[in-house]
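In the text below, chain A, chain B and the rest are named by the order of the sequence lines, each starting its count at 1.
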Amino acid sequence: MSNYQKPRGTDDVYGSEITKWHYIEALIREICYLYRYHEIRTPIFEHTEVYKRQEDSSDMVNKEMYTFDDNGGRSLTLKPEGTAGIIRAFVENKLYNTTDLPLKLYYIAPNFRYERPQKGRMRIHYQFGVEAIGEKNPTVDVEVIFLGYSLLTALGLQDLKVLVNTLGDDESRSAYRSALKTHFKQHLASMCPDCQKRYEQNPLRILDCKVDKEHPAMLSAPEISDYLSEQAKTYFASVLNDLKLLGIDYQIEPKLVRGLDYYSDTVFEVVSCNKDMGSQATIFGGGRYDKLVEYYGGPKMSGIGFGMGIERLLVALEAEGIDVAQPHECDLYIMPLDASYQSEALALATIARSNGFTTDMDYQKRSMKAQFKAADRANAKVIAILGEDEIKSSQVTLKNTLTKDQVTVSYFDLLATLESWLVEEEDIDEPHDHENCDCTHHH
RNA sequence: GUGGCUGUGGCGAAGUUGGUUAACGCACCGGAUUGUGGCUCCGGCACUCGUGGGUUCAAGUCCCAUCAGUCACCCCA
């Protein structure tokens, strides 16, 4: 056994598992293309200050970051979330000068968080995320939510719940915050230590507490809806209206406040309610942020985005019994019956490959029986046998594994036979048209 | 950071109160079938029993530590 093992909470992805990733990533890019969101790649590490915002009370920022000193005395941190780096890039590159706002961006990138692993939670996990920056408009909020949601439905997921809430604008939130403070003040002693800390740092997050969720003070706590400004109310109403318009069966969750401190107005989470999902049920979540662009030194601009955990998406697919693994096809499998015929086999394989046939061969000098079994495992459509008789006459025996037809032809006729067997009316030069077919549904 | 369960060949999995060369199944390789596979039969391969200490004449089996997996809390995607 190896003396080396991967670090805790990381994973090696290979075999049929990696084909699921390829499939999902391709679908993501396709959907983002349709919505005209553009990919952005930002560094996998940033200066620590980019992530460690002042007055941010979230655990992610304060105790889960992989922070290290580069060799020049600078403190860098491995990306723990997607939004911060993108806003930094948005400001640094002055992308706010773009004429057509909002600027719509997406990314697929690894995130690093020091946490105890469990189902749906890894120390390195991948997020697909989206940010629409520079236009505060309910239409944009709903477009963002729908984009993520449509990926899930395109994959065939059904056990979904869309949770939404509003945290209001600054005015609403500070009114609500002080209302919460006065409400919880008298009950503080009987509440959990975390809540006592939250009371000081960010009273909104008390609502998120699972320990005290049955606490009488929690049940009687004031709700944000009573403190919303007129503006925030109409904004949220408009979001809900557009969600309904697009046929999204949302659920208003008054206690949904999200873990990051920078959110305002619309916040949302899409969760899987499948019983096999485990306790980490949120597939994607996000919200609007009004102050972040300014915080990083840009103009006063609002943005909205979400992060979606790919691993969690895979868990959700598994839970609903949806298999998106893609087979690796094999048009031709070549069997050299003697080690001395392997060069001919390689030459034939090269010809087949350069003409677009996926081709494999046996390299192991095994028995004919073993080579047939290998061809079966590869799911070969055609098997080419290269034995003594064939080599002598510069021929190859081809067996169609589906029809069991078998012919012996010259090397020159290899391609013609493959074409007649494998290429039917379908034109192989045309790229597959995904937009007009239902090939995204594989189960 | 806290807690429960787990760790035996590529995979699955036996292993009783510690006792000679650690079952079995799958997979793989060879043969029966000297050039036609997916069935059957026979044979074969398989590296420290997670790692490191300890107790003992003797440890996969007991003790300690450590690493990892898994699930839950916390938090989040």
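- In this structure, of A68(B), G38(B), C29(B), it is G38(B) that holds the atom nearest to the side chain of K369(A).
- At a threshold of 4.0 angstrom between heavy atoms, the contacts of Q364(A) with the nucleic acid are absent.
- For an aromatic pair to be called close, the ring centres must be under 6.0 Å apart, and F284(A) with F128(A) fails this.
- For the pairing with R288(A), the salt bridge (charged side-chain N to carboxylate O under 4.0 Å, His left out) check across D141(A), D265(A), D169(A) returns one residue only, D141(A).
- For the pair R121(A) and C76(B), the criterion of a side-chain N or O lying under 4.0 Å from OP1 or OP2 is not met.
- Rounded to a whole Å, the CD1 atom of I310(A) is 9 Å from the C1' atom of A77(B).
- Considering only the side chain of S367(A), G31(B) comes nearest among G31(B), G3(B), C74(B).
- Note on E388(A): a base of the nucleic acid sits closer than 4.0 angstrom, heavy atoms only.
- Within the nucleic acid shown, G120(A) comes within 4.0 Å of at least one base atom, counting heavy atoms only.
- Under the 6.0 Å distance and 45° angle rule, R41(A) does not count as a cation-pi partner of Y107(A).
- Using a 4.0 Å heavy-atom criterion, one finds that K373(A) contacts the sugar-phosphate atoms exclusively.
- Remark: G1(B) base-pairs with C73(B); criterion is Watson-Crick or G-U wobble with both hydrogen-bond distances under 3.5 Å.
- G30(B) atom C1' lies 18 Å from atom CZ of F372(A), rounded to whole Å.
- Partner assigned to C45(B) is none, using Watson-Crick or G-U wobble distances below 3.5 angstrom.
- For K79(A) and A77(B), the NZ to P distance is 14 Å, given to the nearest whole Å.
- When heavy atoms are screened at a 4.0 angstrom cut-off, G307(A) is found touching the sugar-phosphate backbone but no base atom.
- Across all strands, Q406(A) comes closer than 4.0 Å to base atoms (heavy-atom distances).
- Checking A22(B) for Watson-Crick or G-U wobble geometry (two distances, each under 3.5 Å) identifies no partner in any strand.
- Looking at the side chain of R113(A), the nearest of the listed nucleotides U36(B), G1(B), C76(B) is C76(B).
- Residue G148(A) is classed as having no contact, given no heavy-atom separation below 4.0 Å to the nucleic acid.
- Checking U40(B), A77(B), G35(B) against the side-chain heavy atoms of L337(A) singles out G35(B) as nearest.
- Straight-line distance from the CZ atom of R116(A) to the C1' atom of U70(B): 11 Å, rounded to whole Å.
- Between the side chains of R53(A) and Y296(A), at least one donor N or O lies within less than 3.5 Å of an accepting N or O.
- Seen from the ring of Y235(A), K136(A) counts as a face-on cation partner, given the 6.0 Å and 45° thresholds.
- Distances were taken from every side-chain heavy atom of Q118(A) (C-beta onward) to each of A32(B), C74(B), A77(B); the shortest belongs to C74(B).
- The distance from atom CD of Q371(A) to atom P of G38(B) is 15 Å, rounded to the nearest whole Å.
- If you check every strand for non-hydrogen atoms under 4.0 Å, D389(A) touches a base.
- When heavy atoms are screened at a 4.0 angstrom cut-off, I385(A) is found touching base atoms of the nucleic acid.
- Using modelled atom types, no side-chain atom of T10(A) and backbone atom of K6(A) make a donor-acceptor pair closer than 3.5 Å.
- Base pairing analysis places U51(B) opposite A65(B); the two distances defining the Watson-Crick or G-U wobble pair are each below 3.5 Å.
- Residue-level contact check: K365(A) touches neither bases nor backbone, having no heavy atom under 4.0 Å from any strand.
- In the set G69(B), C29(B), G1(B), the nucleotide with an atom closest to the side chain of R8(A) is G69(B).
- Figure legend. G60(B) is base-paired to no nucleotide; pairs are counted as Watson-Crick or G-U wobble with both atom distances under 3.5 Å.
- Using a 4.0 Å heavy-atom distance criterion, M335(A) is classed as making no nucleic acid contact.
- Q280(A) comes within 4.0 angstrom of a nucleotide base, judged by non-hydrogen atoms across all strands.
- Classification of E25(A) and R29(A) as a salt-bridged pair fails, no side-chain N sitting under 4.0 Å from a carboxylate O.
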